[in-house]
*Asks:* 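Please find one structure pasted underneath; my questions will follow.
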Amino acid sequence: MTTITRPDTFLPPDLMDGLDDPDPFQGLETIASGETKTKSIVIVAESGDLERTWATTILASTAAASGMQVSIFFTFWGLFPLVRPDIRMTGKNWMQKMLAVMNRPGIGHLKLSKLNFAGMGPWMMHRLAKQHGVAKPGELLEMAQALGVRLIPCQMSMDMMGVSADQLIEGVEPAVGAATALELMAEADATLFI
Amino acid sequence: MTTITRPDTFLPPDLMDGLDDPDPFQGLETIASGETKTKSIVIVAESGDLERTWATTILASTAAASGMQVSIFFTFWGLFPLVRPDIRMTGKNWMQKMLAVMNRPGIGHLKLSKLNFAGMGPWMMHRLAKQHGVAKPGELLEMAQALGVRLIPCQMSMDMMGVSADQLIEGVEPAVGAATALELMAEADATLFI
Amino acid sequence: MTTITRPDTFLPPDLMDGLDDPDPFQGLETIASGETKTKSIVIVAESGDLERTWATTILASTAAASGMQVSIFFTFWGLFPLVRPDIRMTGKNWMQKMLAVMNRPGIGHLKLSKLNFAGMGPWMMHRLAKQHGVAKPGELLEMAQALGVRLIPCQMSMDMMGVSADQLIEGVEPAVGAATALELMAEADATLFI
């Protein structure tokens with residue numbers, strides 16, 4: 001693992017509840033031989049909805065801050081939050097462009113899966129989050145990256161949606177296929193399909 | 001584990017299919033040393049939709065009846081089914097109150113994620129369930145509690161939604177942050193994000 | 001495991017990325033005693049939406065092609081994609097029939113969870129998939145079966161939806177209850193609720 005400074009002041013205190021318990025084995029598992037093994041978690045981010053992207057980024061950043069190894073595999077609608085904020089439009093043909101028009105890329109433009117009300121729902125959620133010191137998904141994703149979380153896009157989704165690697169935010173790994181993602185899942189201590 | 005009497009007559013027979021197979025090691029895992037370890041499952045209940053809350057309560061109560069240790073972490077929309085049935089309204093400011101108006105709290109008021117038809121879908125589902133001896137989510141949650149399932153609300157969601165501890169049903173544990181939930185997940189034999 | 005021939009030409013190359021790496025231990029785990037153990041994955045297919053059924057069938061077929069043991073438990077809306085394509089209507093009473101009318105059974109008739117646009121969304125998705133050599137969910141499910149993936153319907157869902165065993169595609173296992181599904185999950189290396 002890279003040596004990183006945990007940005008205590010950034011992550012909302014609620015998330016960190018219990019993190020600073022004086023447990024020297026946190027995030028570690030004692031295995032038969034007496035060695036300890038770092039815990040790992042894999043998230044498949046499929047939805048791209050605001051609330052689920054929030055869940056993904058909260059869990060990923062908190063897990064990384066707790067010393068776990070975290071990988072997120074971004075697929076289907078989950079790919080769009082990885083698109084750079086300055087990219088207004090993705091897609092190489094009219095169908096792919098239409099997807100980007102109806103489902104605007106970028107983690108700052110996510111919709112709620114319900115009660116979206118033409119953007120009023122997300123606006124309320126962001127205000128409520130601010131009132132309670134909860135970071136936005138985009139901020140949490142940045143922190144997750146700083147803490148070493150692996151961001152891995154799905155090659156097939158990139159092809160189908162017409163999203164190219166240079167349209168994604170910095171620090172994203174090269175896209176991989178499902179076989180590689182499955183290998184990570186099979187080795188992980190917990191796997192979440194979000 | 002607390003000593004509980006399994007309420008055989010309550011849980012729908014379909015769920016219990018295979019439960020009474022004469023396997024003395026059910027719910028147990030033989031580890032290297034020859035000891036056995038109780039299986040554990042963690043559910044993150046994020047959705048709050050009728051069908052997914054049903055899945056959560058069916059899996060949780062059945063797993064507990066099978067001798068597994070079960071914890072449910074209620075977050076985002078998933079928090080509302082934990083609100084007491086006599087509480088009509090939650091929220092401390094107008095935005096939080098509006099969420100409770102649009103998304104009525106309480107496990108007896110859940111909507112389907114599709115085919116809801118202004119309540120006709122859930123009414124049909126409840127009728128079909130009754131015809132086939134399937135318990136309602138609220139009954140399954142009660143049974144889950146009786147069987148020792150841990151119900152753990154997410155602190156951040158309670159803050160954001162403006163839900164206070166005294167508005168939740170009895171027997172719910174104190175709210176925790178994502179770090180605590182992740183520790184449970186990393187130790188569990190299976191983790192489901194529902 | 002049954003001896004099967006992996007249909008390399010069928011599975012989209014993207015999915016197989018990394019599959020043919022010369023790693024003799026792929027899909028295997030070395031345990032304390034020096035033996036190796038085949039990795040296993042359990043998917044709970046709850047949604048029945050086009051994109052999530054795609055995710056289920058891609059992950060299942062790819063995992064099986066990688067040598068993993070895969071089981072899919074089909075429940076709630078996830079049951080409908082298992083219905084035979086020549087069955088237009090399921091259900092024994094008017095409520096169950098109405099569900100089948102609103103939510104047409106069969107893996108060739110799935111809707112997107114969003115941007116469905118009365119069928120235009122799925123049509124576009126299928127065209128984009130064809131352009132990029134991605135197999136349809138129905139084709140992937142067939143391949144999954146050929147590779148030994150276990151397709152297990154939920155008994156309670158079949159009862160509630162009024163779907164009978166003879167209405168399901170060939171090769172599906174007898175329906176089971178949640179207890180049996182949970183046993184599989186507790187033993188699996190990864191569990192996904194999709």
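In what follows, chains carry the letters A, B, and so on, assigned in the order in which the sequence lines appear, proteins first and then strands, with residues in each chain numbered from 1.
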*Asks:* Check whether A:Met125 gets within reach of chain B through its side chain, its backbone, both or neither, counting any heavy atom under 4.5 Å.
*Replies:* both
*Asks:* Among residues 74-82 of chain B, which residues come closer than 4.5 Å to chain A, judged by heavy atom distances?
*Replies:* B:Phe76, B:Trp77
*Asks:* Under 4.5 Å, heavy atom to heavy atom: which of residues 85-114 of chain B reach chain A? Give them by number, or say none.
*Replies:* B:Asn93, B:Trp94, B:Met95, B:Gln96, B:Met98, B:Leu99, B:Met102, B:Asn103
*Asks:* Closest heavy-atom contact between A:Asp189 and B:Ala186?
*Replies:* CB-O, 3.7 Å
*Asks:* Based on non-hydrogen pairs under 4.5 Å, which of A:Ala129, A:Gly121, A:Ala188 is most in contact with chain B?
*Replies:* A:Ala129
*Asks:* Tell me, for A:Ile194 versus chain B, whether the close heavy atoms (under 4.5 Å) come from the side chain, the backbone, both or neither.
*Replies:* both
*Asks:* Considering only heavy atoms, which portion of A:Leu59 lies under 4.5 Å from any heavy atom of chain B: side chain, backbone, both, or neither?
*Replies:* both
*Asks:* Might you point out which heavy atoms bring A:Ala63 and B:Leu182 nearest each other, and give the distance in Å?
*Replies:* N-CD1, 3.4 Å
*Asks:* Report the C-alpha distance between A:Lys39 and B:Glu187 in whole Å, list the side-chain angles of each, state the deciding distance to 0.1 Å, and finish with yes or no for side chain to side chain contact (heavy atoms under 4.5 Å, CB included).
*Replies:* CA-CA 9 Å; A:Lys39 291 282 188 184; B:Glu187 296 298 333; 3.3 Å; yes
*Asks:* Report the residue from B:Val42, B:Thr191, B:Leu192 that forms a side chain to side chain contact (heavy atoms under 4.5 Å, CB included) with A:Leu192.
*Replies:* B:Thr191
*Asks:* Minimum heavy-atom separation for A:His132 and B:Met160, please, with both atom names.
*Replies:* ND1-CA, 4.0 Å
*Asks:* Say you draw a straight line from CD of B:Glu46 to CD of A:Glu51; how long is it, rounded to the nearest 0.5 Å?
*Replies:* 5.5 Å
